[in-house]
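Quick caveat: nothing in here was measured; it's all calculated off a predicted structure. In this chain, numbering begins with 1 at the start of the sequence shown. The figures that follow rest on heavy atoms only: side chains count, while hydrogens, waters and symmetry mates do not.
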Amino acid sequence: MLNEQGFNLSFYVFLLVLVSLCCGSAPGWSEPSFRSVMASVALVAGWTILCHTAARMMVLQVKRGHMRIRDASRMLEIQLDIFRWLGLPVVLTCLGAFSLAAWSREQPILESSMMLQSIVLLMPGITILLATWSAEHVFGARLGLTDSSLRNYFVSLWSGLRAGPVWLIIPTMLFLLLGDLAEWSQPIATGNAVAIGIGVGIAVIAFVLPWIVGRVIRQETMSTTDRESITLWLNRVGVKTEGWTAMRIVRWNTNGRVFNALVAGLFRPGRMLLLSDRVLDELPRGQLLMVVMHEVAHVRRWHVPIRMAAVAPAWFVSIWVGSLFTNESLGATVGGLTGLLLTVGTLSAVAYLTEWDADAVACKLAVKAGGQAEGMPATEAEAAGMMAAALGRVTAGHPAARRASWLHPSLAMRVKRLAKPPRMHLI
């Protein structure tokens, strides 16, 4: 991605899913029973009420004339962000202290399926996330800022899910299902057959992922001018836009909320270049070229597979740490937390390097893609300037997006890196 607008929520969702699944082997501190479910439901329900109470208080402040809508909205945003992060300990309490994770492992229907257990594990965290979005909707509906109909309420919640969490949860579920199938097939298949089946399954998931993304996001018709320009740029740098191995170019309808671009799909065919409505509508042609070339650079340099591979050593260490404990459940818990910390640290370091590399390679590609046309960069130095301008434009009005995050260097760091000689850029 070009920028990390909304990075805080992305990091939260990543941690939410990872922490929830790591708790799958958490020991039960009490005898697991249906009381674990009831206690978890009560705690999450209380948290949901707390979120909506905060929204209603802000509504009252506005209606009584004590606060402006903009100030109340900002205050509510801060409060709900705090509730989201404090929701992580709530998830740990439900899964660990209340023994919800241990309870799920003992249920006849769930005990033989990691995928079904993961649904139980993710339920508290996802419910808390939805509660914060629900509170935001209630705030807008009570003040007449959005449609208060029940249909719009559910549409807004679903829009929030498919804008981020669904992209992570669905592939995770598919991989867990693959593990279940491998486990179930062991009594009737050899070790080699299981390994081959897992490999084929991973490949299938990798090819199916763009199809899933295409169904999740909202697509809309792209203007002929935009499509012709982007197709020409891609063809000039050797990216096919026709035939069964072509990269699809998609206009991503975000209702003007997202200023970003990304490539969905590790392999051809089926790979898609997603360009949000704001990127296409608000960027000058030269800066749009740099956005497109940045995404092409991620593909050319195999950055996504590199990031995925970089996480693997952390989990080998996690398994080793877990083996040091005689108590299997405790070892799995400590090992999982170790893997979590190492994963975040490793992924962050690799993400920084690949972002810098994508910026640099994009400058090289843009000179070729622009074809010396008017408004296009003629040199790498000009391309670097356009890239810096594009980065500034997509983060304008969003101070948080300009600061360093766990997956992206700060705007200042990227601009400074772009100003260096080309040989200093690449990793």
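Of all non-hydrogen atoms in A390 and Q287, the two that sit nearest each other are CA-OE1, 3.5 Å. Here the closest non-hydrogen pair linking V91 and P124 is CG2-C, 4.3 Å. Here the closest heavy-atom approach between residue A358 and residue H303 is recorded as N-CE1, 3.7 Å. F98 and C94 get closest at one heavy-atom pair: CB-O, 3.3 Å. When all heavy atoms are compared, the tightest approach of L418 to C363 is CD2-SG, 3.9 Å. Contact record, E295 with A261: OE2-O, 3.2 Å, taken as the closest heavy-atom pair.
Under the 4.0 Å criterion applied to side-chain N and carboxylate O atoms, R68 and D71 are assigned as salt-bridge partners. Checked for salt-bridge contact, D359 and K364 miss the test: no charged N lies under 4.0 Å from a carboxylate O. Salt bridge status for R417 with E355: absent, with no side-chain N to carboxylate O gap under 4.0 Å.
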Kindly indicate, with the supporting measurements, whether the criterion side chain to side chain contact (heavy atoms under 4.5 Å, CB included) is fulfilled by M222 and I249. CA-CA 9 Å; M222 183 181 295; I249 307 169; 3.5 Å; yes
Between R301 and T354, is the side chain to side chain contact (heavy atoms under 4.5 Å, CB included) condition met? List the steps. CA-CA 8 Å; R301 303 285 283 183; T354 53; over 6 Å; no
List the steps and the verdict of side chain to side chain contact (heavy atoms under 4.5 Å, CB included) for M247 and K240. CA-CA 6 Å; M247 177 184 286; K240 293 183 179 181; over 6 Å; no
Show the numbers, then the answer: is there a side chain to side chain contact (heavy atoms under 4.5 Å, CB included) between V263 and R271? CA-CA 7 Å; V263 171; R271 185 180 283 155; 3.4 Å; yes
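Dense packing is recorded around CE of M67, with more than 12 heavy atoms of other residues, nucleotides or ligands lying under 6.0 Å away. Counted within 6.0 Å of CG on L324, heavy atoms from surrounding residues, nucleotides or ligands total more than 12; the atom is thus considered enclosed. Atom CZ of R142 is surrounded by 12 or fewer heavy atoms from other residues, nucleotides or ligands within 6.0 Å.
For the side-chain hydrogen bond (donor to acceptor under 3.5 Å, both in side chains) test with S149, the passing option among N152, D147, T146 is D147; the others fail. None of T241, V239, L365, L288 except one satisfies the side chain to side chain contact (heavy atoms under 4.5 Å, CB included) rule with W233; the exception is L288.
Contact of the R35 side chain with the W103 side chain is not registered, since no non-hydrogen atoms from C-beta on lie closer than 4.5 Å. Contact annotation: the side chain of I230 approaches that of L280 to within less than 4.5 Å [non-hydrogen atoms, C-beta and beyond]. Contact check for S156 versus W133: no side-chain heavy atoms found under the 4.5 Å cut-off.
For W47 (side chain) and F83 (main-chain N/O), a donor-acceptor pair under 3.5 Å exists by modelled atom type. A donor-acceptor pair is defined here as one N or O able to donate and one able to accept, closer than 3.5 Å; such a pair exists between the side chain of S113 and the backbone of L116. Formation of a donor-acceptor pair under 3.5 Å by the S348 side chain with backbone atoms of G345 is not found in this model. Between the side chain of E220 and the backbone N or O of N253 there is no donor-acceptor pair closer than 3.5 Å. Checking side-chain atoms of Y12 against main-chain N and O of R84 turns up a donor-acceptor pair under 3.5 Å. Between the R307 side chain and the L347 main chain, no donor and acceptor come within less than 3.5 Å of each other. Listed for the S73 side chain is no donor-acceptor partner under 3.5 Å among the backbone atoms of R70. Of the possible donor and acceptor atoms, one in the side chain of H52 sits under 3.5 Å from a partner among the backbone N and O of T48.
Atoms OG and CG, from S134 and L129 in turn, are 11.5 Å apart once rounded to the nearest 0.5 Å. Once rounded to the nearest 0.5 Å, the distance linking CE of M386 with CE of M293 reads 13.0 Å. K416 contributes atom NZ, which lies 13.5 Å from atom CG of L411 (distance to the nearest 0.5 angstrom). Note: L275 CG to L283 CG = 9.5 Å, rounded to the nearest 0.5 Å. Taking CD1 of I126 as the reference point, atom CD1 of I119 lies at 11.5 Å (rounded to 0.5 Å). Distance check, rounded to the nearest 0.5 Å: CD1 of I82 to SG of C51 gives 11.5 Å.
Side chain to side chain, T254 and D277 meet the donor-acceptor criterion of an N or O pair below 3.5 Å.
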